[in-house]
*Asks:* 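Below is a structure I'd like to ask you about.
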Amino acid sequence: MPKVRETLIPLPENRAIHQTVPDHRVKLTKEGNRQAVEAGDRLLKLLRPDDTVRVITSPYTRTRETTNGILSSLAPHPNSKKIKVFEEPRIREQDFGNFQPCSEEMERMWHERAAYGHFFYRIPNGESAADAYDRVSGFNESIWRQFNEDDFPSVLVLVTHGLMTRIFLMKWYHYSVEYFENLRNINHCEFILMERDAITDKYILQNKLRTWSAYRKEQEEKRSKEGGGSKEWKKLEAAMSSRVAYGGCVHGCNHPKPSGVNGNGYNNGNVSIGRSNEALVQELRDKLKILEGGRDFGGSRSGSGSRLNSEDESSGSDSSGSDDEIQIENGIGGGYAGIRGGECSSEPSDIIEKLARQDQVTSTANGE
């Protein structure tokens, strides 16, 4: 079961393209298209003459183009015209949000992800690797069911993305979160080969995966041989692993606390927590404007209160409703009766001022 990573997309200096072009529409570069054809040539050499092939690709533009490049090289194969291609959204790239912010903000986000952990960190407006793991799990189960089909091919090719390849292997071989985060990305158009063992009926990984721990060890040995010593490398590692506060308030917790709130976050019984009387009055008046405009300001806009008092419902509706419906009809929908236990009033402005006066008396009684 070969897995192929997408070919080259715009280089790092052109990553600003994600600010204007959705990730799923980013196309391959000229070099990327060349790599796709070359990957097809290598796959052709791996195939036996009697092999049957099925290709499952991510629906992203760049993986579609990679698939087309591979198929163009498989034309000489005896069964090339029988190759079936399917698109599978579950093996699409991890969702990195919609249009990406500026390069500086993206750089900050990558550092924050490294500090938090690549597997559990959720991209703003996007996914975490754990989210991608969930959909890959469903995809793997689908493949297992297809193994029993009579027309299942002898070779299955998955054209997907770098991180998704690692997620796929993590699920298939039950890797730990720590090992997943230690894995380095595979190269563009690199094959990950999984061959079925005829005796155990298990798929054996043929590649030696690269890890960051091995890379750091190699770099340290290289610096030691070059005479640079390992002390500088350890200092660099210490600087890279220094803790940066990404959570909490950006400018520190120096903002004023809400008025009337004690150390436990409560205000000893006052209903309006941390709001001044002026703010409360203004809020009530704003709600009054919405009410006078014929709209609700909370819950369903077509809730039971408005339905029970509409002309369409009142003319032909059954008068036998539940206790809750009757209470709503006599409350919010019936001249504002029942609010704060007060009497009914036909003028909403009178009720607004009355509510404000009641809150002022309550605040005075509570010692504010």
Side-chain angles (χ1 to χ4, degrees), residues 1-7 23-24 39 43 46-47 51-64 66-67 70-71 83-96 113 117-123 126-212:
M1 183 193 301
K3 284 177 61 63
V4 187
R5 183 190 173 185
E6 64 195 357
T7 53
D23 188 30
H24 62 276
L43 179 58
L46 294 174
L47 297 177
D51 273 330
T52 55
V53 180
R54 179 182 299 177
V55 180
I56 301 179
T57 178
S58 160
Y60 277 34
T61 298
R62 55 184 180 269
T63 44
R64 288 173 175 173
T66 301
T67 299
I70 293 174
L71 293 176
I83 296 177
K84 296 181 179 180
V85 180
F86 299 91
E87 289 190 353
E88 176 53 74
R90 287 179 292 181
I91 61 172
R92 69 186 186 275
E93 178 62 292
Q94 177 185 0
D95 190 347
F96 290 100
R113 184 176 69 157
H118 284 223
F119 186 74
F120 292 109
Y121 180 82
R122 178 171 284 113
I123 306 295
E127 289 181 306
S128 65
D131 296 327
Y133 180 93
D134 291 340
R135 52 183 166 88
V136 166
S137 298
F139 172 72
N140 284 10
E141 292 171 1
S142 299
I143 291 180
W144 274 105
R145 289 193 296 268
Q146 293 175 19
F147 284 164
N148 297 322
E149 296 177 357
D150 295 335
D151 61 343
F152 193 80
S154 60
V155 177
L156 177 64
V157 180
L158 306 181
V159 184
T160 182
H161 309 267
L163 181 136
M164 295 308 297
T165 299
R166 287 178 285 153
I167 290 290
F168 179 91
L169 295 175
M170 177 186 182
K171 171 60 180 176
W172 195 280
Y173 293 110
H174 307 287
Y175 294 157
S176 67
V177 172
E178 289 77 14
Y179 186 67
F180 163 79
E181 294 187 335
N182 192 29
L183 288 176
R184 296 177 64 188
N185 231 353
I186 65 175
N187 296 320
H188 291 288
C189 268
E190 180 180 352
F191 285 177
I192 296 295
L193 295 177
M194 302 165 58
E195 292 188 5
R196 186 173 68 87
D197 187 289
I199 299 176
T200 63
D201 203 31
K202 293 183 178 180
Y203 284 84
I204 309 301
L205 183 64
Q206 304 299 311
N207 304 66
K208 182 179 180 181
L209 302 178
R210 300 177 302 160
T211 62
W212 286 108

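Keep in mind that this is a model prediction, so the values were computed, not measured.
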*Asks:* Does E181 reach the main-chain N or O of F119 with its side chain, forming a donor-acceptor pair under 3.5 Å?
*Replies:*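 The answer is yes, because a donor-acceptor pair under 3.5 Å joins these two groups.
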*Asks:* On a heavy-atom basis, which atom in R184 and which in R166 lie closest, and how many Å separate them?
*Replies:*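 Scanning both residues, the minimum pair turns out to be O-CD, 3.6 Å.
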*Asks:* For R135, what residues pass the salt bridge (Lys or Arg N to Asp or Glu O under 4.0 Å) criterion, not counting sequence neighbours?
*Replies:*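 Applying salt bridge (Lys or Arg N to Asp or Glu O under 4.0 Å) to R135 gives E127.
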*Asks:* Give a yes or no answer on whether the side chain of R113 reaches the backbone of Y121 with a donor-acceptor pair at less than 3.5 Å.
*Replies:*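 No.
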*Asks:* Does D23 reach the main-chain N or O of D95 with its side chain, forming a donor-acceptor pair under 3.5 Å?
*Replies:*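 Not at all, since once roles are kept as given, no pair shorter than 3.5 Å links the two residues.
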*Asks:* Over all heavy atoms of both residues, which pair between Y203 and M194 is shortest? Give the atoms and the distance, please.
*Replies:*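 Taking Y203 first and M194 second, the nearest heavy atoms are CD2-O, 3.7 Å.
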*Asks:* Step by step, work out the side-chain contact (heavy atoms from CB on, under 4.5 Å) result for E93 and M164.
*Replies:* CA-CA 6 Å; E93 178 62 292; M164 295 308 297; 3.8 Å; yes
*Asks:* Quick check: do I91 and T63 have side-chain heavy atoms less than 4.5 Å from each other?
*Replies:*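 The answer is no; the side chains never approach within 4.5 Å.
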*Asks:* Would you please indicate if the ring centroids of F180 and Y175 are separated by under 6.0 Å?
*Replies:*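 That pair fails the under 6.0 Å test.
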*Asks:* Can you list everything that forms a side chain to side chain contact (heavy atoms under 4.5 Å, CB included) with T211? Sequence neighbours excluded, please.
*Replies:*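 Checked T211 against side chain to side chain contact (heavy atoms under 4.5 Å, CB included); matches are Y179, N182, L183, S213, A214.
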*Asks:* Less than 3.5 Å apart, any donor N or O on the side chain of D131 or S128 sitting next to an acceptor on the other?
*Replies:*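 There is such a pair (donor and acceptor under 3.5 Å, judged by atom type) between the side chains of D131 and S128.
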*Asks:* Could you tell me whether a side-chain N or O of T160 sits under 3.5 Å from a main-chain N or O of T165, the two making a donor and an acceptor?
*Replies:*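 No, because the side chain of T160 does not come within donor-acceptor range (under 3.5 Å) of the backbone of T165.
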*Asks:* Taking the side chain as every heavy atom from C-beta outward, state whether V55 and I70 have any atom pair closer than 4.5 Å.
*Replies:*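 SC-SC contact between V55 and I70 ruled out.
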*Asks:* Just by modelled atom types, is the V85 backbone N or O under 3.5 Å from a matching donor or acceptor in the R54 side chain?
*Replies:*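 A pair under 3.5 Å: no.
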*Asks:* Given side-chain contact (heavy atoms from CB on, under 4.5 Å), test Q94 with H161 step by step and report yes or no.
*Replies:* CA-CA 9 Å; Q94 177 185 0; H161 309 267; over 6 Å; no
*Asks:* Verify, without hydrogens or angle tests, whether N207 (side chain) and L209 (backbone) share a donor-acceptor contact under 3.5 angstrom.
*Replies:*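 The answer is no, because no donor-acceptor pair under 3.5 Å joins these two groups.
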*Asks:* Taking all non-hydrogen atoms of both residues into account, name the closest pair between R92 and P59 and its distance.
*Replies:*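 Looking at all heavy atoms of both residues, the closest pair is CB-CD, 4.3 Å.
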*Asks:* Within the side chain of T61, is there an N or O that forms a donor-acceptor pair under 3.5 Å with the backbone of H24?
*Replies:*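 Here the side-chain-to-backbone pair exists.
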*Asks:* So which atom in I199 and which in D197 form the shortest heavy-atom distance, rounded to 0.1 Å?
*Replies:*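 In this case the closest contact between I199 and D197 is N-OD1, 2.8 Å.
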*Asks:* Can you label the angle between the F168 ring and the W172 ring as parallel, tilted or perpendicular, going by 30° and 60°?
*Replies:*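 The rings of F168 and W172 lie parallel, inter-plane angle below 30°.
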*Asks:* Is a donor on one side and an acceptor on the other found under 3.5 Å between the side chain of E88 and the backbone of F86?
*Replies:*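 Here the side-chain-to-backbone pair does not exist.
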*Asks:* Ignoring hydrogens and angles, tell me if any N or O in the side chain of T67 forms a donor-acceptor pair with the backbone of T57 under 3.5 Å.
*Replies:*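 A pair under 3.5 Å: no.
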*Asks:* Just jot down the ring pair (Phe, Tyr, Trp, His ring centres under 6.0 Å) partners of F139, sequence neighbours excluded, or say none.
*Replies:*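 Ring pair (Phe, Tyr, Trp, His ring centres under 6.0 Å) list for F139, sorted by chain: empty.
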*Asks:* Is a side-chain donor or acceptor of E190 paired with a backbone partner of N187 at a separation under 3.5 angstrom?
*Replies:*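 Between the backbone of N187 and the side chain of E190 there is a qualifying donor-acceptor contact (under 3.5 Å).
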*Asks:* If every non-hydrogen atom of I204 is compared with every non-hydrogen atom of Q206, which pair is closest and at what distance?
*Replies:*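 In this case the closest contact between I204 and Q206 is O-NE2, 3.0 Å.
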*Asks:* Looking just at side-chain N and O atoms, do S142 and R90 make a donor-acceptor pair shorter than 3.5 Å?
*Replies:*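 Distance-only check passes for S142 and R90.
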*Asks:* For the residue pair I167 and A129, what are the closest heavy atoms and their distance?
*Replies:*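 Closest pair (atom of I167, atom of A129, distance): CD1-O, 3.6 Å.
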